[in-house]
Number of protein chains: 2
Amino acid sequence: MARAPTTFDPFNAVAEPKRRQLLEVLGTSESAVNELVEKLGWTQPMVSKHLGVLKQVGLVNERRVGRQRLYRLNAEALKPIYDWVTPFEQLWNARYERLDQLLQNLQEEKKNVRTK
Amino acid sequence: MARAPTTFDPFNAVAEPKRRQLLEVLGTSESAVNELVEKLGWTQPMVSKHLGVLKQVGLVNERRVGRQRLYRLNAEALKPIYDWVTPFEQLWNARYERLDQLLQNLQEEKKNVRTK
DNA sequence: TTTACATATTCCCATATTGGAATATAATAT
DNA sequence: ATATTATATTCCAATATGGGAATATGTAAA
């Protein structure tokens, strides 16, 4: 078995840095392909191909206007990533909470010393 | 150019569902390889290989005890993913915020009607 | 209808993958 | 020293990648 296709899920689609960049730009505003080509400085086929992957996973939606195709972010499709990663946040914050606790205890002690 | 190696960054490492599962288990407690084999029901080489990838990106740390190797999650290494994805959350929450606003306005109107 | 513009698709290559099976390494116990 | 346990590594196959170049498709303007 090979690696899962980039179109398998948002995790795989977003593993590619260029696609993350694309989503960041589209997070700001709906854009046509040529606008993205200009903003990002990539070749047109490159932009189209990455958009194709993002569309297949539902991370962007396409809207045809004249000869242009306007792409916009579908942020909800990022939710699986958000939901998966956020629970871990408390693990790397735990130490700071403990540090806070420690500092607070020290403050309390200081106060007690002063009032004694 | 091919796809970036799985060891390139946390995004690529975590694109593989099995590795996410592994991290979830290690989020609970430090574990030896044989414990993971049992908990997950995978073959031992499979567990070792995925752990190898996770170790290379710094998502897990290894500790040798006797002939066992204990692996534990290094949650901080997930921060880049957390930091990248969380800003998007407001985009899919925006509609609910607007709904909240709407409901609040309705409540206000009700109050005004009553007090009038 | 021909021309110009906007975008998508195809063909190519080098590279890396996951999983399975077999094997190697390392540490402890007998 | 040898057997046993715990883990890592190697070899294999099938598969998919991303980028470049060239080309196809689709839409509107002249």
Side-chain angles (χ1 to χ4, degrees), chain A residues 1-23 25-26 29-73, chain B residues 1-23 25-26 29-73:
Chain A
M1 200 177 286
R3 211 203 292 211
T6 54
T7 54
F8 182 70
D9 63 16
F11 288 94
N12 279 280
V14 153
E16 164 66 46
K18 285 210 164 66
R19 280 193 289 267
R20 289 202 297 279
Q21 217 181 323
L22 210 35
L23 292 177
V25 173
L26 290 176
S29 69
E30 190 182 45
S31 310
V33 178
N34 59 350
E35 292 170 342
L36 293 169
V37 168
E38 196 176 354
K39 281 182 198 170
L40 296 165
W42 308 345
T43 70
Q44 177 267 311
M46 203 165 168
V47 172
S48 283
K49 280 185 209 166
H50 283 305
L51 284 172
V53 172
L54 294 173
K55 195 173 75 174
Q56 276 196 66
V57 241
L59 277 163
V60 301
N61 293 324
E62 184 206 65
R63 187 164 69 92
R64 287 168 212 228
V65 169
R67 52 186 144 185
Q68 291 190 315
R69 303 207 186 180
L70 303 180
Y71 286 88
R72 63 179 167 68
L73 173 65
Chain B
M1 201 178 284
R3 213 203 290 209
T6 55
T7 53
F8 181 69
D9 62 19
F11 288 93
N12 278 280
V14 152
E16 163 67 45
K18 286 210 165 64
R19 280 193 290 268
R20 289 201 297 279
Q21 218 181 323
L22 211 35
L23 292 177
V25 172
L26 291 176
S29 69
E30 190 181 45
S31 311
V33 177
N34 58 350
E35 293 170 341
L36 293 169
V37 167
E38 195 177 355
K39 283 183 197 170
L40 294 165
W42 308 344
T43 69
Q44 176 268 310
M46 202 163 165
V47 173
S48 282
K49 280 184 208 167
H50 283 305
L51 284 171
V53 172
L54 293 173
K55 195 172 76 173
Q56 276 196 63
V57 242
L59 276 163
V60 301
N61 293 323
E62 186 206 63
R63 189 163 69 92
R64 286 168 212 228
V65 169
R67 51 185 144 185
Q68 292 192 314
R69 303 208 185 178
L70 304 179
Y71 286 88
R72 62 178 166 70
L73 173 66

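So you know, we letter chains A, B, ... as the sequences are listed, proteins then strands, and number each from 1. Excluded from the calculations below are hydrogen atoms, water molecules and symmetry mates; all remaining heavy atoms, backbone and side chain alike, are included.
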Problem set entry | Residue A:Gln44, side-chain heavy atoms: nucleotide from C:dT7, C:dG19, C:dA14 that is nearest | C:dT7

Exercise. Honestly, is B:Arg20 close enough over A:Phe11, meaning NZ or CZ under 6.0 Å from the six-membered ring centre and within 45° of the axis?
Worked result: yes

Seminar exercise, completed: Between the NZ atom in A:Lys49 and the CD atom in A:Gln44, the distance rounded to the nearest 0.5 Å is 10.0 Å

Exercise. With a non-hydrogen cut-off below 4.0 angstrom, is A:Ala32 in contact with a base, only sugar-phosphate, or nothing?
Worked result: sugar-phosphate

Exercise. B:Arg64 CZ to C:dA27 P: how many Å, rounded?
Worked result: 8 Å

Exercise. When we call it a touch if two heavy atoms are under 4.0 Å apart, what does A:Phe8 touch: a base, just sugar-phosphate, or nothing?
Worked result: nothing

For this session: Look at the side-chain N and O atoms of B:Ser48 and state whether any lies under 4.0 Å from the OP1 or OP2 oxygen of D:dT7.
Result: no

Problem set entry | Distance in angstrom units between A:Arg67 CZ and D:dA28 P, rounded | 7 Å

For this session: Just call it for B:Glu62: base, sugar-phosphate, or nothing, with non-hydrogen atoms closer than 4.0 Å on any strand.
Result: sugar-phosphate

Exercise. Which nucleotide in the set D:dT17, C:dA22, D:dT7 lies at the smallest distance from any side-chain heavy atom of B:Gln68?
Worked result: D:dT7

Problem set entry | Nucleotide nearest A:Glu16 (side chain, heavy atoms from C-beta), chosen from C:dC5, C:dA8, D:dG18 | D:dG18

Problem set entry | Of A:Lys55 and A:Arg3, the one whose closest DNA chain C nucleotide lies more 5' | A:Lys55

Exercise. Can you check the A:Glu38 CD to C:dT7 P distance for me, whole Å?
Worked result: 12 Å

Exercise. Roughly, in whole Å, what's the span from CG in A:Asn12 to P in C:dA16?
Worked result: 17 Å

Problem set entry | Of the listed nucleotides D:dT17, D:dT7, C:dG20, the one nearest the side chain of A:Pro5 | D:dT17

Problem set entry | Spacing of CE belonging to B:Met46 relative to NE2 belonging to B:His50, to within rounding of 0.5 Å | 5.0 Å

For this session: Give the nucleotide from the list C:dA8, C:dA21, C:dC11 with an atom nearest to the side chain of B:Lys49.
Result: C:dA21

Problem set entry | Integer-rounded Å distance: D:dT5 P and B:Leu70 CG | 19 Å

For this session: Measure from the side-chain N and O atoms of B:Gln68 to the backbone N and O of B:Val65, and report whether any donor-acceptor pair falls under 3.5 Å.
Result: no

For this session: Please figure out whether A:Ala2 or A:Arg19 has its closest DNA chain D nucleotide nearer the 5' end.
Result: A:Ala2

Exercise. In whole angstroms, how far is the C1' atom of C:dT7 from the CG atom of A:Leu51?
Worked result: 10 Å

Seminar exercise, completed: Taking D:dT7, C:dA22, C:dA8 as options, the one with an atom nearest any side-chain atom of B:Pro45 is C:dA22

Problem set entry | Between D:dT7 (C1') and B:Met46 (CE): distance, integer Å | 16 Å

Problem set entry | Options D:dA14, D:dT17, D:dG19, nucleotide nearest the side-chain atoms of A:His50 | D:dG19

Problem set entry | Side chain of B:Asn34 - closest among D:dT7, D:dA8, C:dT7 | D:dT7

Exercise. Quick one: B:Leu36 CG to D:dA8 P, roughly how many Å, whole number?
Worked result: 10 Å

For this session: Determine the contact category for B:Met1: base if any of its heavy atoms lies under 4.0 Å from a base atom, sugar-phosphate if only primed atoms, P, OP1 or OP2 are that close, otherwise nothing.
Result: base

Exercise. Should the pair B:Arg72-B:Glu62 be classified as a salt bridge under the 4.0 Å nitrogen-to-oxygen rule?
Worked result: no

Exercise. Which of the following nucleotides, D:dG19, C:dA8, C:dA16, is nearest to the side chain of A:Lys18?
Worked result: D:dG19

Problem set entry | Passing option when A:Arg19 is tested against A:Val60, A:Thr6, A:Val14 for side-chain contact (heavy atoms from CB on, under 4.5 Å) | A:Thr6

Problem set entry | Options D:dA14, D:dG19, C:dA8, nucleotide nearest the side-chain atoms of A:Val33 | C:dA8

Exercise. OP1 or OP2 of D:dA6 less than 4.0 angstrom from a side-chain nitrogen or oxygen of B:Tyr71, does that happen here?
Worked result: no

